[in-house]
Every structure is written in C-alpha cells, then in structure tokens.
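See below for the structure under consideration.
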Amino acid sequence: MPTYALVDANNFYATCEKIFDPSLVDVPLVVLSNNDGCIVARSAEAKILGIPMAAPMHQWKGFCAKHGVAIKSSNYTLYGDMSARMLAILQKLCPEVESYSIDESFLKLDGFSDVTAMGHEIRQTLQQHIKVTCGVGIGPSKTLAKFANHIAKKHPEYGGVFSVQGVTEAVFEKLMASYSAGEVWGVGRQLSKRLAADGIETVLDLSRCDAKAIHQRYGVVLAKTVRELRGEACISFEDIAAPKQQIISSRSFATCLIDFQSIRAAVSHHLSRAAEKLRAQNSVCSHVYVMINTNRFREQDPQYRQTILTPLPHPSADTSVLMKAAMAGLRKGFVAGFRYHKCGVILGEIGQADGQQTDLFATVDDPKRLRLMGLMDSINKHQGAGTLHVASTQLSDAWHMRANNRSPRYTTCWNEFPVAYA
DNA sequence: TCTGGGGTCCTAGGACCC
DNA sequence: TCTGGGGTCCTAGGACCC
C-alpha cells in the first residue's frame, strides 16, 4: 500500500508577510486578493477574531480598523519565491514530491520506515530554514492524506503531524464522524448539499457509501473520492509538472470602464502576459478566447458577459499573431453602453512547439519573429515585467489594478531587500 | 466607491455522419 | 401519408480545487 503525505503551510501568505516585517508579529493580519477586493489569507490572530475567508474587504474595513488588523495587498512575487524555497527543502528530504499548489505538496513516503517521525522532521526543517510552519497529514491515499492534514491542524495534541495508520481504526472512525462530508477534498458546496439531502452528513457516512451507487447518482469523481476515503489510492501521483492545457490572464478593473480603448489596452496586456507564459512552457496554441464581463454584483446595472473564441490560422506562440486574433475577438464581443468590470484572455488548444506538424500546407511561426519574442521575454525577465511591451498595452492605463498596501519584494528585488540594523 | 485569479476534470447536449 | 437512429466529436458550462 502506498503512503502519501500532504505538507501544507499554515496561513501561508500571512506568514510570508510576517517573516520579513517584525512589526507584524502577534498582530492580526489579512492579505487581500488582486485589486484589494477580497480577503484571501488571514493570520492565526485574524482567524480568532472571526474574519472569514473570501470576505469582501469593503465590508470589513471598519472592523479591521477597530481591532487593529494589519492589511496587506497580495505580493505574489514574494509568495512565489518562498514557495520555491519550500519546495526545494522538501525535495532534499524526499525523492518524490508533487507540488500541488503554492503552499501545498504531496510526498510519496514509500520506503520510509517511520512515516510519523518523517513528518516531524519535515515540519522542523521548514520551521528552521524558512520560518514557515506547516501541517503534515499522512495516509494511504491522497484524499486521506488531505483529511489527515486537516486533523493535524485542528488537533494540536498531534503536534502538527497526523498519520491515519498511526491510530486505531476506532479512533480514526470517531474523527471521521466528527467532520462533515463537505470537509473532504473534492466535495464542494453543491455536492455537500445534495449529499446531506440524501442523509450523508459526515466523512464517515461518505466513506461507507457504495461506490457504484455513488457513481450512478453523483458521477465518477465522487465515486473515486469514496474509494480513496477507504484507503484505495485512485488519484495518481505526479512528480513531473505537466504543461498547462489552458493559460489564463484576467483581472477586474479598479473602476468600471465603458470605452473600447481602455478595454483594448487591458486585453492587450493580458494577451501579452498569456503569450509569455505560453512560450515559457515551450508551447503553441490554436485558440484565443477573449472574455469581457460587467459587474455581476451591481444588480442595478444591465448585465453582459461574453467569451469569444477566435481560432488561429496556425498554431502559434507569436504575440503579434495571437494579438490579431484577440483584437478581432474583442471587436466582435464588445458592445458599447455597458459598464465593464473585468476582462481577460484564455489560450486553449495548447500543444508542444517542437512537435508541430509541418506538412506541405501547414504554416508555422516565423523563426525570426520567435527569436525576437525570446529576446523580449528574456529582457522582461531580467529587467522586470513589462519593460518591453507591444504598443497597444499603453494606449490606456485606466484598467490598472489597485494594490495600496503591497509589501516590498524582499527576496527577489535588489532594491527591496530587507535591511537589518545592528 | 469597493466582491480574486488561475487552473483541472467531467458531462450534457448539439452537430454531424452514415 | 409515412420522414431513423446510433455513434462520435466538439464545446460550453458546471463542479471542484487553492
């Protein structure tokens, strides 16, 4: 039977902020989404105050001021770099690591004799090297490792490490009975509602369901979850990150926009970013989607949302080829008279650049243009994003996002390094 | 005034073909 | 007058995740 561990950093974004700013120690802290819109991370102190996840910031402004809650805009440059350090440490400790998200990794612990001891070693090393506290959950399937991680965080008596195999069946069943089915990885709001209506309330209830019956009624995904909860590993382990099948760049605007010109600048910016990501994984794409939306929360406004697909004449990674398609899509989808709130670009039908079919009639990207793109990417990488850009992104900056409280990029920017005074 | 962004996978249903 | 049905492919949309 395989053994998986899930290592998950506690309050990751909030922790990253606290590591570099001593004035934030013991202070309740929230980190905001792009545009300073929602609360996406809370420090332990902020959780104790009862600030919920994903709450709109404007509803909590007064509360935060009253309780001395520190507020930070998100600083993905910093979190991304800390995440890479965390991953590097895990890879030193264990040969098989799957990076699952910015603050979580699955590890395969087959062959380790004492997996709980290994869990504690991982925890201590991360704490010592980068001051990140994490929880470790261990189990015979990914779903159980996830659930074990949840227990590790909720029950301090386990010291941050919980292994399903480390307790008796009776103890584990009692734990499963004490959590609602919605806590399980893969069971979201809609499913838990339907499950509850069928009398399946707790994790234990779900684990005891007949997988075939679940498949019929709820689909193949939940049937897998049920089997995973019983210790049967159905979700595979992926050490090597697969190239993305879809690349998205989108963002809401700081204020509503009504003019084509501003939105065109924003779409142009997103297209450039997405194309850069596409080239970074050495891919080409065949579909360019442009989406534009009004603000769905403003019910008094007329609503409009549109996603327009424009196929490319040939698979490409050339910004100018993609841009032409995106602009054609935008012209098709843009309707004057609405108050637009968000736009974005999705690249689809992605394939490997060097595996392209080159039969007699197929066209491919111009190699000269591709060298130019490579040069542009390299300059932007070393001199800062957006140093070189296509002209249309500059036609308007009305769409630029808010980030009023961003911390310095302590670990990746020479002039933003933390300074220590002796 | 102000409500995230970036992904994956599955499924239902339409289009098309014979 | 009676006007098929089954298979396959594709896409949009929905569910989930962090």
Side-chain angles (χ1 to χ4, degrees), chain A residues 6 8-13 30-41 52-62 64 71 73-74 76 79-80 83 98-106 142-143 146 149-150 181-195 215-225 234-236 238 241-256 266 270 273-274 277-278 281 286-287 289 291 293-301 305-309 311 339 341-350 401-405:
Chain A
L6 180 77
D8 181 336
N10 298 350
N11 321 320
F12 185 60
Y13 296 173
V30 295
V31 179
L32 306 182
S33 63
N34 284 313
N35 246 329
D36 292 349
C38 281
I39 294 166
V40 293
M53 181 65 173
M57 186 57 212
H58 67 94
Q59 289 173 5
W60 287 83
K61 224 169 190 169
C64 289
I71 300 166
S73 305
S74 41
Y76 286 104
Y79 314 148
S83 172
E98 174 190 336
S99 164
Y100 175 65
S101 77
I102 193 159
D103 69 339
E104 281 174 70
S105 290
F106 284 106
K142 281 182 162 182
T143 304
K146 268 278 206 185
N149 184 283
H150 194 71
E183 302 286 350
V184 172
W185 188 41
V187 182
R189 268 234 294 283
Q190 305 302 320
L191 276 174
S192 37
K193 238 193 280 171
R194 285 179 59 198
L195 286 168
H215 188 158
Q216 282 219 320
R217 191 161 167 73
Y218 294 91
V220 62
V221 180
L222 193 65
K224 261 192 193 178
T225 300
C234 305
I235 301 170
S236 59
E238 279 144 41
K244 303 260 178 281
Q245 301 175 40
Q246 198 174 54
I247 291 171
I248 302 177
S249 174
S250 73
R251 194 136 300 173
S252 44
F253 311 130
T255 55
C256 281
H270 291 307
R273 277 193 58 203
K277 291 191 216 170
L278 183 72
Q281 66 166 32
S286 303
H287 284 177
Y289 297 83
M291 51 180 192
N293 299 334
T294 51
N295 187 345
R296 68 182 198 280
F297 293 103
R298 287 182 62 92
E299 287 168 7
Q300 68 273 34
D301 285 358
R305 49 193 305 134
Q306 191 63 264
T307 304
I308 311 98
L309 161 65
R339 294 160 59 82
H341 171 250
K342 179 179 178 176
C343 75
V345 163
I346 303 171
L347 306 182
E349 287 290 283
I350 289 174
M401 71 168 182
R402 264 190 304 270
N404 293 332
N405 300 296

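Letters A, B, ... mirror the listed sequences (proteins, then strands); counts begin at 1. FYI, side chains are in, hydrogens and waters are out, and symmetry mates aren't considered; it's all heavy atoms of this structure.
- Atom pair A/N295:CG and B/dT3:P shows a separation of 5 Å (rounding to whole Å applied).
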Where do N or O atoms of nucleotides 7-15 of chain C meet protein N or O atoms at under 3.5 Å, pair by pair?
none

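- Atom CD in A/E104 sits roughly 17 Å away from atom P in C/dC16 (whole-Å rounding).
- Without hydrogens or angle criteria, A/N405 side chain to A/S73 main chain gives no donor-acceptor distance under 3.5 Å.
- Judged as a side-chain hydrogen bond (donor to acceptor under 3.5 Å, both in side chains), and not counting sequence neighbours, A/T225 has no contacts.
- Here the side chain of A/Q281 pairs a donor or acceptor atom with the backbone of A/K244 at under 3.5 angstrom.
- Candidate nucleotides B/dT3, B/dG4, C/dC18 were compared by shortest atom distance to the side chain of A/Y100, and C/dC18 ranks first.
- Comparing A/N35 and A/C256 along DNA chain B, the residue whose closest nucleotide (by nearest heavy atom) sits nearer the 5' end is A/C256.
- Considering only residues two or more places apart in sequence or on other chains, A/R305 meets the salt bridge (Lys or Arg N to Asp or Glu O under 4.0 Å) condition with none of them.
- With sequence neighbours excluded, no residue satisfies salt bridge (Lys or Arg N to Asp or Glu O under 4.0 Å) with A/D36.
- With sequence neighbours left out, the side-chain hydrogen bond (donor to acceptor under 3.5 Å, both in side chains) criterion links A/R217 to A/D198.
- The CZ-P distance, from A/R296 to B/dG4, rounds to 6 Å in whole Å.
- Both tests do not hold together for A/K342 against A/F253: distance to the six-membered ring centre under 6.0 Å, angle to the ring axis within 45°.
- A/M53 has its CE atom 9 Å from the P atom of C/dC18, to the nearest Å.
- Residues that satisfy the ring-ring contact (aromatic ring centres under 6.0 Å, His included) test with A/H150, not counting sequence neighbours, are A/Y179.
- The nearest whole Å value for the distance from the OH atom in A/Y76 to the C1' atom in B/dG5 is 7 Å.
- Between A/E183 atom CD and C/dC16 atom P there is a gap of 14 Å when expressed in whole angstrom units.
- Interface residues of residues 54-61 of chain A facing DNA chain B, ordered by number: A/P56, A/H58; criterion, heavy-atom separation under 4.0 Å.
- Taking a pair as Watson-Crick or G-U wobble with both distances under 3.5 Å, DNA chain C forms stems of 3 or more consecutive pairs at B:5-18 with C:5-18.
- Rounded to whole Å, atom C1' of B/dG6 lies 10 Å from atom OH of A/Y13.
- Distances shorter than 4.0 Å separate some side-chain N or O of A/S250 from OP1 or OP2 on B/dG6.
- Comparing the same atom, C1', in B/dC17 and in C/dG4 gives a spacing of 13 Å after rounding to whole Å.
- Residue A/R298 is classed as a sugar-phosphate contact, given heavy-atom separations below 4.0 Å to backbone atoms only.
- Backbone-only contact: A/K146 has heavy atoms under 4.0 Å from sugar-phosphate atoms and none from a base.
- Look at CZ on A/F253: it is 16 Å from C1' on B/dT3, rounded to the nearest Å.
- Side-chain contact between A/M57 and A/C38 is absent, with no heavy-atom pair separated by less than 4.5 Å.
- A/R298 is linked by a salt bridge (Lys or Arg N to Asp or Glu O under 4.0 Å) to A/D301, counting only residues two or more places apart in sequence or in another chain.
- As judged by a 4.0 angstrom heavy-atom cut-off over every strand, A/V184 is placed among residues touching the sugar-phosphate backbone only.
- With sequence neighbours excluded, no residue forms a ring-ring contact (aromatic ring centres under 6.0 Å, His included) with A/Y289.
- Taking side-chain N and O atoms only, A/H341 has a distance below 4.0 Å to OP1 or OP2 of B/dT3.
- In this structure, A/R251 reaches the B/dG6 phosphate: one of its side-chain N or O atoms is under 4.0 Å from OP1 or OP2.
- Within the nucleic acid shown, A/I247 comes within 4.0 Å of sugar-phosphate atoms alone, with no base atom in reach, counting heavy atoms only.
- Checked against side-chain hydrogen bond (donor to acceptor under 3.5 Å, both in side chains), A/S252 has the following partners two or more places apart in sequence or in another chain: A/N35.
- Every residue two or more places apart in sequence or in another chain was checked for a salt bridge (Lys or Arg N to Asp or Glu O under 4.0 Å) with A/E183, and none qualifies.
- Residue-level contact check: A/S252 touches the backbone only, with heavy atoms under 4.0 Å from sugar-phosphate atoms and none from bases.
- Nearest-nucleotide mapping onto DNA chain B: of A/K224 and A/N34, the residue sitting toward the 5' end is A/N34.
- Across B/dT3, C/dC18, B/dG6, the shortest atom-to-atom separation from the side chain of A/C38 is found for B/dT3.
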